[in-house]
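Just so it is clear, the model here is predicted, and its values are computed rather than measured.
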Amino acid sequence: MAQIKKLGLPTKERKALLRNQASYLLWHGKLETTLVKAKSVASYTEKVLTLAINSYEDTVKTTKTVVNAKGEKVSKEVIVDGAKKLAARRKIMSLIYDIPETKQEKESKSAFVARTKDVKHPLVEKIFNVYAPKFDARSKELGQKGGYTRVIKLGKRLGDNADMARVELVK
């Protein structure tokens, strides 16, 4: 296994930094930081994505009894997470920060509420519903797993001459 860079930080601060930057990377798709941090965040994010990709298809259909508007009990079929996906979802929630959904430009409040009413953890949903299927199809097409992020060197930062890099998710 590759040597883990300590980034000159105590463990709690380093883990918080990686969680924060990985969350930002997964939400926005790219991140600009120093080269050493970029490599660490890329590795961390790859592990989070691998967890999601290995379990995103594990769903179970169940029947749920619900009370409708008239007060009658009605059975309804619901698709829920299987044991493997639920465990992966909980693990991912411990590895990243949950970024709240934001209202888009020219979107009314009622439209925003309607769009986000069923989404409790938007970043986790994005990982399972957008990234996992996309990267799983990519891995089947190329016949290899991994390689979900790329690190691009940008040169030196003015001021402290630190090596800068951009980490981005592969399209």
Side-chain angles (χ1 to χ4, degrees), residues 12-33 37-69 74-142 144-152 165-171:
K12 286 175 75 172
E13 292 175 24
R14 182 176 58 252
K15 285 183 177 182
L17 174 88
L18 290 174
R19 270 181 85 178
N20 188 30
Q21 289 194 336
S23 301
Y24 186 91
L25 174 62
L26 289 166
W27 187 253
H28 296 286
K30 59 185 172 183
L31 167 73
E32 200 170 300
T33 185
K37 286 180 189 174
K39 289 179 180 180
S40 296
V41 169
S43 172
Y44 189 88
T45 305
E46 296 256 348
K47 291 172 186 166
V48 170
L49 289 171
T50 301
L51 265 172
I53 291 165
N54 290 338
S55 63
Y56 81 99
E57 294 175 324
D58 183 25
T59 56
V60 178
K61 280 188 180 180
T62 60
T63 310
K64 187 176 181 183
T65 306
V66 198
V67 179
N68 64 7
V74 181
S75 61
K76 179 180 171 184
E77 264 194 22
V78 181
I79 298 174
V80 295
D81 293 345
K84 189 176 175 185
K85 184 175 179 181
L86 182 61
R89 182 180 296 270
R90 288 177 175 166
K91 178 71 175 171
I92 289 171
M93 289 173 75
S94 74
L95 293 174
I96 60 171
Y97 290 121
D98 201 21
I99 297 175
E101 188 74 49
T102 56
K103 196 171 102 173
Q104 298 172 348
E105 282 187 46
K106 299 180 183 176
E107 182 179 34
S108 67
K109 186 174 182 181
S110 58
F112 171 73
V113 170
R115 181 172 59 90
T116 61
K117 71 176 182 173
D118 293 332
V119 180
K120 293 182 181 172
H121 304 284
L123 182 55
V124 176
E125 293 301 320
K126 186 173 185 178
I127 291 169
F128 277 102
N129 298 335
V130 177
Y131 294 138
K134 180 175 95 171
F135 287 129
D136 189 36
R138 180 180 175 273
S139 70
K140 288 177 182 168
E141 178 186 314
L142 296 176
Q144 68 180 24
K145 294 196 176 208
Y148 312 123
T149 59
R150 97 173 34 108
V151 178
I152 301 168
R166 178 182 299 121
V167 185
E168 51 190 40
L169 296 174
V170 176
K171 302 280 185 222

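The shortest heavy-atom contact between Thr149 and Ala42 is OG1-CB, 3.5 Å. The two residues Leu25 and Glu168 have their closest heavy-atom pair at CD1-CA, 4.1 Å.
In this structure the side chain of Leu26 never reaches within 4.5 angstrom of the side chain of Ile99, judged on heavy atoms. Between Leu51 and Leu95 the shortest side-chain heavy-atom distance falls below 4.5 Å.
Formation of a donor-acceptor pair under 3.5 Å by the Arg166 side chain with backbone atoms of Leu31 is not found in this model. When atom types are taken as modelled, the side chain of Tyr148 and the backbone of Gly146 share a donor-acceptor pair closer than 3.5 angstrom. No donor-acceptor distance shorter than 3.5 angstrom exists from the side chain of Asn20 to the backbone of Ala16, with no hydrogens or angles considered. Within the 3.5 Å criterion, the main-chain N or O of Ala52 finds no donor-acceptor partner in the side chain of Tyr131. Checking side-chain atoms of Thr116 against main-chain N and O of Val119 turns up no donor-acceptor pair under 3.5 Å. In this structure, the side chain of Ser94 engages the main chain of Lys91 through a donor-acceptor pair within 3.5 Å.
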#### Entry: Verdict with reasoning, Arg89 to Glu125, per side-chain contact (heavy atoms from CB on, under 4.5 Å)
CA-CA 9 Å; Arg89 182 180 296 270; Glu125 293 301 320; 2.8 Å; yes

### Task
Given side-chain contact (heavy atoms from CB on, under 4.5 Å), test Tyr97 with Gln21 step by step and report yes or no.
CA-CA 9 Å; Tyr97 290 121; Gln21 289 194 336; over 6 Å; no

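Rounded to the nearest 0.5 Å, atoms CD1 (Ile79) and NZ (Lys61) are 5.5 Å apart. Remark: Lys145 NZ to Glu46 CD distance equals 13.0 Å, nearest 0.5 Å.
Under the side-chain contact (heavy atoms from CB on, under 4.5 Å) rule, Phe128 has a single partner from Glu57, Lys85, His121, which is Lys85.
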